[in-house]
Amino acid sequence: MELRAVRGMKDILPPESWDWQWLETCFREIAERYGFGEARTPLLEATQLFVREIGEGTDVVEKEMYSFERHSDHLTVRPEGTAGAARAYVQNSVSGREPVTRWYYIGPMFRAERPAKGRYRQFHQAGCEIYGDEGPVCDAEIIALCADVIEAVGVDGYSIHINSLGSGDTRERYRDALVKHFLPLKDQLSEESQRRVETNPLRILDSKSKADQALAEDAPSVLDILDDADRAHFDGLRRHLDALGIDYIVDHKLVRGLDYYTRTLFELKTTSDALGAQSTLVGGGRYDKMVESLGHKKPVPAIGFAMGLERILSLVQSPAEVPKPACYFAPMMPEAQGLALQLAHRLRKAGHYCEVDGRGLSVRAMMRRANGFDSRLCVLIGEDELAKETVTVKDLARREQESLTLGDDFVGRIEAMLARPRSEDGAETDG
RNA sequence: GUGGGUGUAGCUCAGUGGUAGAGCACUGGAUUGUGGCUCCAGUUGUCGGGGGUUCAAUUCCCCUCAUCCACCCCA
């Protein structure tokens with residue numbers, strides 16, 4: 001086979017796709033309870049949108065984007081959903097129509113990373129964004145929503161981590177404080193982090209290197225240099241989470257790789273080690289500057305998150321079941337195939353799932369397959385049936401069969417059979 | 001981008017320096033037109049690709065590709 005899926009991209013096929021639909025439905029239902037409506041934005045955006053909003057120095061922009069030039073347009077297949085949603089919010093003048101906007105999205109994102117467990121080059125995120133509410137009530141709602149989804153789909157153990165990056169010049173002041181802390185220790189840091197001292201000292205905080213972690217223990221906390229307003233905001237968030245009974249961990253070392261975050265920052269991580277290094281299931285935070293930076297005339301506060309659907313699916317057991325046919329048609333000779341097709345058509349119009357076996361195999365093989373589908377009924381049509389203008393309908397659950405005429409009441413007769421208990425004693429009924 | 005593991009039938013995997021096996025699945029039959037259990041029979045492989053060593057390579061060596069995992073980064 002010479003034509004394969006592109007590296008890091010995989011096909012989602014039945015029966016796995018049933019699990020995906022289930023997860024997406026869980027997410028939609030919960031998001032809609034919180035007042036979110038779906039925003040479907042293009043997969044392709046101007047490269048500049050991501051360069052400016054995610055940040056020029058970030059790994060995502062620097063080396064992971066699928067970018068190309070088409071005529072004179074510089075385009076990028078979206079590596080995340082927030083920037084595109086914010087662009088749509090500004091472009092469509094949504095702030096003029098409503099004071100607060102709540103959008104959710106579900107879809108593929110693209111990053112050219114080296115594939116690993118729970119990480120693909122085309123991966124899928126579901127996320128929410130709120131524009132026009134500076135919180136912290138909606139910050140708490142957003143985190144509650146994430147927890148609701150994670151719990152609804154049955155993730156076993158998870159923890160919620162929160163932090164605040166402050167606003168205004170807090171980030172810069174904190175950065176300076178970190179440089180002051182790490183610079184004298186530079187030669188004790190890992191090779192990777194030695195470079196970060198100058199470029200991105202925040203990232204040293206979540207380094208996996210043991211040495212870095214030890215040195216980060218005594219690093220100044222961003223929470224100590226928040227100004228009064230930022231502190232009040234963060235305390236407000238904590239109060240609301242407490243009121244909701246949501247457990248969380250304040251982690252001043254929580255930082256994120258995208259530059260656009262301000263104030264509230266949070267992650268939901270699995271406590272199982274099933275995902276290896278990819279333990280973050282949900283990441284989000286506030287990005288109060290983005291809308292304005294996109295050219296909107298006034299600042300609009302915003303908060304959002306994205307959850308990694310592959311990661312969540314790999315942790316949960318989907319209850320999704322492959323649909324079972326009501327009726328499996330097994331024409332025993334070519335002349336009976338047309339009738340089978342017509343009868344199936346009538347049942348399908350009436351809302352029933354039917355299978356028609358047109359392979360011309362032995363009755364045994366067709367029955368086996370009907371059984372493999374766990375079909376409730378199997379309709380056999382052969383020479384006798386054609387001659388008498390009837391069909392033989394076998395109830396595979398009750399192990400009995402009868403002959404049905406093909407009058408107007410055919411659909412009704414089949415429905416009556418479907419409505420019977422699966423066994424004589426009536427204990428179980430066909431859901 | 002760096003490091004490691006794996007690549008044998010449709011699937012899951014055994015195996016050997018002398019050109020390959022099991023289970024599952026599939027098809028036929030035991031039941032001339034009737035399923036889930038059982039039994040019998042049968043189909044399928046360029047042993048990832050290329051090169052080298054050898055009388056002989058699926059097996060040993062090198063390269064390459066794919067894949068998985070770790071680092072990095074992120075959801």
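Predicted, not measured: the structure shown is a model, and the values here were computed from it. Residue numbers start from 1 in every chain, and the chains themselves are labelled A, B, ... in the order their sequence lines are given, proteins ahead of strands.
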Step through the shown structure and confirm whether more than 12 heavy atoms of other residues, nucleotides or ligands are within 6.0 Å of CZ on A/Arg40. no
Tell me the partner of B/U2, counting only Watson-Crick (N1-N3 plus N6-O4 or O6-N4) or G-U wobble (N1-O2 and O6-N3) with both under 3.5 Å; none if nothing fits. B/A70
Within the 4.0 Å heavy-atom criterion, would you say A/Leu396 contacts the bases, only the backbone, or no part of the nucleic acid? base
For atom CZ of A/Arg369 and atom P of B/U27, their distance in whole Å: 8 Å
Can you tell me the Watson-Crick or wobble partner of B/U46, both distances under 3.5 angstrom? none
Winner on side-chain proximity to A/Arg119, out of B/U34, B/C71, B/C74, is B/C71
Need to verify one output field. Residue with the more 5' nearest nucleotide on RNA chain B, A/Gly284 or A/Leu380? A/Leu380
If we take the C1' atom in both B/G48 and B/U58, what is their distance in whole Å? 12 Å
Do the side chains of A/Asp176 and A/Lys180 get close enough for a salt bridge, i.e. N-O under 4.0 angstrom? no
With C1' as the reference atom in both, quote the distance from B/A75 to B/U6 in angstrom, rounded to an integer. 27 Å
Look at all strands and tell whether A/Ala370 reaches a base, only sugar-phosphate, or nothing, counting heavy atoms closer than 4.0 Å. nothing
Provide the distance between the two C1' atoms, one in B/C11 and one in B/U19, to the nearest whole Å. 25 Å
Between B/U34, B/U67, B/C71, which one does the side chain of A/Arg7 approach most closely? B/U67
Applying a 4.0 Å non-hydrogen cut-off, can you work out what A/Glu64 is touching in the nucleic acid: base, sugar-phosphate, or nothing? sugar-phosphate
Inter-nucleotide C1' distance (B/G7, B/U32), Å rounded: 48 Å
Within this structure, what is the NE2-to-P distance between A/His124 and B/A75, rounded to whole angstrom? 16 Å
Base-pairing mate for B/A41 - Watson-Crick or G-U, with both contacts under 3.5 Å: B/U27
Out of B/C72, B/G35, B/A75, minimum distance to the side chain of A/Arg368 belongs to B/G35
Presence of A/Arg359 side-chain N/O under 4.0 Å of B/U27 phosphate oxygens OP1/OP2: yes
To the nearest Å, how far apart are A/Met307 CE and B/A75 P? 13 Å
Reckon A/Glu383 touches a base, only the sugar-phosphate, or nothing at all at heavy-atom distances under 4.0 Å? base
Taking atom C1' in both B/G42 and B/U46, compute the distance separating them and give it to the nearest angstrom. 23 Å
When A/Gly8 and A/Val363 are each assigned the nearest nucleotide of RNA chain B, the 5'-most assignment goes to A/Val363
Of all heavy-atom pairs linking A/Met65 and A/Phe50, the shortest is SD-CB, 3.6 Å
When the distance from CE of A/Met367 to C1' of B/G28 is rounded to whole Å, what number comes out? 17 Å
In whole angstrom, give the distance that lies between atom CD of A/Glu16 and atom P of B/C11. 16 Å
Given B/U34, B/U27, B/G1, which nucleotide is nearest the side-chain atoms of A/Arg114? B/G1
Taking the same atom, C1', in B/G10 and in B/A70, what whole-Å distance lies between them? 32 Å
Whole-Å C1' distance, B/U8 and B/G4: 22 Å
Students often get this wrong, so: under 4.0 angstrom with heavy atoms, is A/Ser362 touching a base, only sugar-phosphate, or nothing? sugar-phosphate
Before accepting this row, confirm whether a basic side-chain N of the pair A/Asp357/A/Arg359 lies closer than 4.0 Å to the acidic partner's carboxylate O. yes
Nearest to the side chain of A/Pro115, which nucleotide is it out of B/C68, B/A75, B/U27? B/C68
Heavy atoms only, 4.0 Å cut-off, all strands: where does A/Asp384 land among base, sugar-phosphate and nothing? base
Taking the C1' atom of each, how far is B/C71 from B/C13, in whole Å? 30 Å
Are A/Phe266 and A/Tyr248, when compared by the centres of their aromatic rings, separated by less than 6.0 Å? no
Check: A/Arg263 side chain, A/Glu134 main-chain N or O, donor-acceptor pair, under 3.5 Å: no
Have a look at A/Glu385 and say if it touches a base, only the backbone sugar-phosphate, or nothing, with a 4.0 Å heavy-atom cut-off. base
Kindly assign one of parallel, tilted or perpendicular to the pair A/Tyr353 and A/Phe373, based on the angle between their ring planes and the thresholds 30° and 60°. perpendicular
Categorize A/Leu361 for me: base, sugar-phosphate, or nothing, with a 4.0 angstrom heavy-atom threshold over every strand shown. sugar-phosphate
With respect to the side chain of A/Asn371, which nucleotide from B/G35, B/U27, B/G3 is positioned closest? B/G35
By the Watson-Crick or G-U definition, both distances under 3.5 Å, B/G7 is matched with B/C65
Paired nucleotide for B/A14 [Watson-Crick or G-U wobble; both distances under 3.5 Å]: none
Between A/Arg420 and A/Glu402 (salt bridge meaning N to carboxylate O under 4.0 Å), is one present in this structure? yes
